[in-house]
Amino acid sequence: MPTYNPVLNPLNLREIKRYSGLDQYADFPSHLLDQACTEAYLLSHPKATWEIYEYDSTTATILAPEPLTLQAPKVIDYLSHSVQIVVMALTIGAELEMQVSKYFSSGEYTAGLLLDAAGTTAVEIAADQICEFIKNQAAQQGYLTLPRFSPGYGQWDITIQPVILQLANAEQINLVATESCMLVPRKSITAVIGFTANQCESNANYMYRDTTCPQCQQMNCLARKD
Amino acid sequence: MSTNELLSEKGLNHMINIFDGAMGTMLHNAGLPTGTCPELWNIEQAAAVIAIHQSYIASGADIIETNTFGANRIKLSHYGLQDKVSLINTAAVQAARAACLPNTKIAGSVGPTGKLIAPLGDLTFDHAYEVFFEQISALHQAGVDMILIETIIDIQEMRAALLAGKAATDKPIICQMSFGADGRTITGTDPATAAIILEAMGADVIGANCSLGPAQLLPIVEALAKTVSCPISIQPNAGMPKLINKQTIFPMTPEEMGTWASRLALAGASYIGGCCGTTPEHIKAIKEAVKHISAPLLPNLKQKNKVTALTSRSKTIYIGDGCPTAIIGERINPTGRKQLAADIKAGEFVSVKKEALAQLRAGAHILDVNMGVPGIDQSYAMKHAIQELSMLVDAPLVIDTTDAKALEAGLKAYPGRALINSVSAEPERLAEFLPLAKRYGAAILCLPISPSGVPTTALERLHIIRTIIEAALSVGLRPQDLVLDALVLTVAADPKAGSEVLNTLKIYRKHLGYPTTMGLSNISFGLPSRNIINATFCAMALSCGLDAPILNPYDSLMQDTLAASSALLGNDENGRAFSIQYAPTDPNKQIANRFVPQNIVEQIRQAVISGEKEAIIPLVKQALSEGVNSTTITEQGLTAAMNEIGTDFGTGRCFLPQVLLSAETMRAAFITIKEILPAHTVMNLGTIILATVKGDIHDLGKNIVAALLENSGFQVIDLGKDVSTETIVQATLEHNADIVGLCALMTTTMTQIDLTISALKAAGSTARTLVGGAVLTAAYATQAGADAYAENGVEAVNIAKKFLSK
């Protein structure tokens, strides 16, 4: 699959506030949020790549040239009615996170925190756009797509990351993982998306999107919704 | 010549023309094995292809499409057939010709490359052009009657294909985009915007196919019918697909398709066929349904209200009489701006992008882009500026250059319909710029300057502008491609400069009617308080018919004038937007909300709590000048404020960004005190080593903790991220640290916490250990041997203070 570099949709201020730990109604200078938003646009360079594979739900196997049998129960359940699977990788590049570090080094802590939050928002929005692209392509063949499911969430062990990157051909967008399975650049996402044929099956799986926080192990995450 | 006459001359007529249906399904039904190149059957199984064409002709198709949808070099390379482009396309046309009846027309089908054009993807525009040129040339030489570029999801790919088509053939070209359920292409182009771009570039027929069924495509036909003056083509799928037993099924019956076909025809389509899932039976039903319907008459080319549309990839703005004033931001121009010029010269476009965003925020609708820095490759600069801006903003762009190569580079790179700034009456400008405008479908800003010089009167300008218009129309540009410049000179040099511009606007409107623009700021060149002159002149010009001023959108007086003018000219109904923007605020309420304490130390404390890092500096200076002791400022002003902030954070009355803002304010205060009193002793509550552990590259949490600890009186030695146990132990011993703070974000790295704490103990360190990170818990911290766990940065400060108070 060739790479796709989407034009970034408008950033959601609500999400920037959430990721920075700011209450939606707190009294806070709006120009600082606007500045973070503007900078995120300037410093984000979204790039995505993905591959589509046949999926055998009976054996929970991604039928890649080197087949991958999934182990995590929640992912297997998520894909239980899927007939194909997309493995995707996306990054907004390293420039934004470098600026965050510069801000903290120079004592501009708030700008650093807000820009980091805006960067996380940008990654999520770009990922939403990629999912929309994939959904559109899938619909042309009659497939419905499930919400994306990323390693590290829903008890899907993060150690799967290197394999996911390989399946997504992430080297095309210069996205790699460290030995400890962290993505570099950090503002990046990998995910799988199941293709199903049935509206009822895809609706049942929407719970995976809306209940991500309760299923997540990161109890002290600033952006936790519950 | 009318459009109908033009189309007849090209072999297209104004009856409803019936296209054929799907080829892919039919080939599979005829036995095409999965994984085989469908286009190769033109050579290996020509009889089967001919039979399919014959079945569609027998069902009533007036036009059959060659089996060449994927017969471009890039798609054929998937099968190792990239060198057989000419052979396959020629064979396809021969197969179609073999099936034709005397009146059957052949459309050469040209599908997408499967790649996106840079910067959206990795295919260059020039490479895409070459690929399309190769295929369309082969189809032309093989004898097709028209070219059908279809199923294109990105406007830039369609632009490359259409440009290639125009160069490769003189046959009519039909351009069909694919739109999604939201009515836009996957890369964001709506039907009207696509139509404006493509019709300006010379597409003979514009339409849509695939992705959607006839019900979903009907609104697209309606949108196209409101926009184009050329025929409309539509080829829906047989309904929305369903997956049944792993097979994609398009469920719409031929009868249903027939019903929809008549609706599509009545909505304005004069070319109707079918895409995925359609069969000869569907085409038969379409033919039957529309046989009594005449093709819609095409709109008269002469428009009552002359408006000009400019577009980006995803947005259209109309300029002209009856349209709202469109503000063209002038600030992306390096003339007289050293830093911007330096950045452009260095190939850096961040400041260009910042200007773009800032101008749009300030109210600009369209952006002028000028890369005129002496000594640089302007083509490179313009291409990259246009690419970067087209990824960043959805405002239409004006390409402002005198360099023809830079102009072409910008026009090629721009996935929309640009305005060329500008085309004067100088022969070389006309000769170089008009063909580019025609080729790339751009609008032109006509500037009434001739080889004789700069005209000073309105009548002279009218005369010159007429010569430019005549030249433009003679190369094939259309009335809706024109914008007229009233030519602004400074009143500092000519007292009549202003009145002549106003006269020019009036006679342009009266005698020509095209939209008008002008570089507003020129009127005040050489005068003081230019903003007053500019804003006043703007109001005058708007009332004389100015449609799209080029100006500095940042000026607040200009913003006020534009807002007032919009209300006065009826573009802001009932002055509603003006009322919302300019409604007075209650001064008493402002006073009540802002209590200013008398005591300067108390003011400092409040400034820290409120995070006013600019205001704190003069307050600290004032306190010191009044003789307030620096220690008093620190303890009763700064530290007291941070303690209060910490308490409020703990009780959920304030949040992390506010805490950090207060910390920055405190830091600004400390720096100010140190500048004025170098001998001032900064308190040191203790030394803390901070690190994110080995293998962990996340440092946001650690950086926040470092910021808060430093501004709470601790000496922080931040070792950074991905720090080995050995480095942490060494630094702890070397600095005789009181506390070691360790962060880990991931389950894969938290075990380093255990290892590091063990190593510290083994090395004889007496430092207390404090751990934190999104994945850590108090229980984990305890089992790892840590002295404490902090859930957040504020808690880390409190724990550190407690450690060192014992």
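Throughout, protein chains are lettered first and strands after them, A, B, ... in sequence-line order, and every chain is numbered starting at 1.
For B/N711, the part lying near chain A is the side chain, with the backbone staying farther off; criterion is any non-hydrogen pair under 4.5 Å. For A/L183, the part lying near chain B is the backbone, with the side chain staying farther off; criterion is any non-hydrogen pair under 4.5 Å. Heavy atoms of B/R653 lying under 4.5 Å from chain A are absent altogether. Of the two parts of A/F104, only the side chain, counted from C-beta on, holds a non-hydrogen atom closer than 4.5 Å to a non-hydrogen atom of chain B. The contact between B/P657 and chain A is made by backbone and side chain atoms together, counting heavy-atom distances below 4.5 Å. Heavy-atom distances place both the backbone and the side chain of B/D696 under 4.5 Å from chain A. Contacts between A/S106 and chain B at a heavy-atom distance below 4.5 Å involve the backbone alone (N, CA, C, O). Interface remark: B/K702 contributes no atoms to any contact with chain A (heavy atom separation under 4.5 Å). If you measure heavy-atom distances from A/A48 to chain B, you find no contacts under 4.5 Å at all. If you measure heavy-atom distances from A/L32 to chain B, the contacts under 4.5 Å come from the side chain alone. A/D116 touches chain B through its side chain: at least one heavy atom from C-beta onward sits under 4.5 Å away, while N, CA, C and O do not. For B/F349, no part lies near chain A; criterion is any non-hydrogen pair under 4.5 Å. Contact of A/T159 with chain B is made through the side chain alone, with heavy-atom distances under 4.5 Å. Heavy atoms of A/P29 lying under 4.5 Å from chain B belong exclusively to its side chain. In this structure, no portion of B/E388 lies under 4.5 Å from any heavy atom of chain A. Interface remark: A/E132 contributes backbone atoms only to the contact with chain B (heavy atom separation under 4.5 Å).
A 4.5 Å side-chain heavy-atom check between B/L120 and A/V7 finds at least one atom pair inside the cut-off. Side chains of B/T747 and A/I158 form a contact here, defined as non-hydrogen atoms less than 4.5 Å apart. Side-chain contact check for B/L243 versus A/L144: every heavy-atom pair is 4.5 Å or farther apart.
The greatest number of non-hydrogen atom pairs below 4.5 Å with chain A, out of B/I244, B/I249, B/L116, is found for B/L116. Ranked by heavy-atom pairs shorter than 4.5 Å toward chain B, the options A/N9, A/V83, A/D23, A/V184 are led by A/D23. If you tally non-hydrogen atom pairs under 4.5 Å between each of B/H698, B/M391, B/E664 and chain A, the highest count goes to B/E664. Options B/L661, B/D722, B/L212 differ in how many heavy-atom pairs under 4.5 Å they form with chain A, and the most are formed by B/L661.
Salt bridge annotation for A/K47-B/D122: absent, with no cationic side-chain nitrogen under 4.0 angstrom from a carboxylate oxygen.
Listed here is the closest heavy atom pair of B/C210 and A/Q140: SG-OE1, 4.4 Å. B/T749 approaches A/S180 most closely through the heavy-atom pair CG2-CB, 3.5 Å. The two residues A/G21 and B/F655 make their nearest non-hydrogen contact at O-CB, 3.3 Å. Nearest heavy atom pair, residue B/G695 against residue A/T178, reads O-OG1, 4.2 Å. The two residues A/Y4 and B/I186 come nearest to each other via the heavy atoms OH-O, 4.1 Å. Across all their heavy atoms, B/G180 and A/N136 have their closest contact at CA-OD1, 4.1 Å.
A donor-acceptor distance shorter than 3.5 angstrom exists from the side chain of A/R186 to the backbone of B/I697, with no hydrogens or angles considered. B/T748 places no side-chain N or O within 3.5 Å of a backbone atom of A/C181 that could act as its donor or acceptor partner. For B/Q658 (side chain) and A/D27 (main-chain N/O), a donor-acceptor pair under 3.5 Å exists by modelled atom type.
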Which is it for A/S101 and B/D699 under the side chain to side chain contact (heavy atoms under 4.5 Å, CB included) test, yes or no, and what are the steps along the way? CA-CA 9 Å; A/S101 296; B/D699 61 356; 4.2 Å; yes
Working for side chain to side chain contact (heavy atoms under 4.5 Å, CB included), residues B/V393 and A/Y41: CA-CA 10 Å; B/V393 299; A/Y41 278 126; over 6 Å; no
Test A/E108 against B/L660 for side chain to side chain contact (heavy atoms under 4.5 Å, CB included), laying out the working first. CA-CA 9 Å; A/E108 296 176 79; B/L660 290 183; over 6 Å; no
Could you go step by step and tell me if A/L42 and B/L392 meet the side chain to side chain contact (heavy atoms under 4.5 Å, CB included) rule? CA-CA 8 Å; A/L42 294 174; B/L392 183 69; 4.3 Å; yes
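The number of heavy-atom neighbours closer than 6.0 Å to CD of A/E171, taken from other residues, nucleotides and ligands shown, is above 12.
Rounded to the nearest 0.5 angstrom, B/M746 CE and A/M182 CE are separated by 4.5 Å. Of the inter-residue distances, the one linking B/L700 atom CG with A/Y109 atom OH reads 13.5 Å to the nearest 0.5 angstrom.
Side-chain atoms of B/T248 and A/Q141 include no donor-acceptor pair closer than 3.5 Å. At a cut-off of 3.5 Å, with distance as the only test, no side-chain donor of B/N703 or A/Y103 sits close to an acceptor on the other residue.
For the side-chain hydrogen bond (donor to acceptor under 3.5 Å, both in side chains) with A/T38, the lone residue among B/K353, B/R361, B/K354 that qualifies is B/R361.
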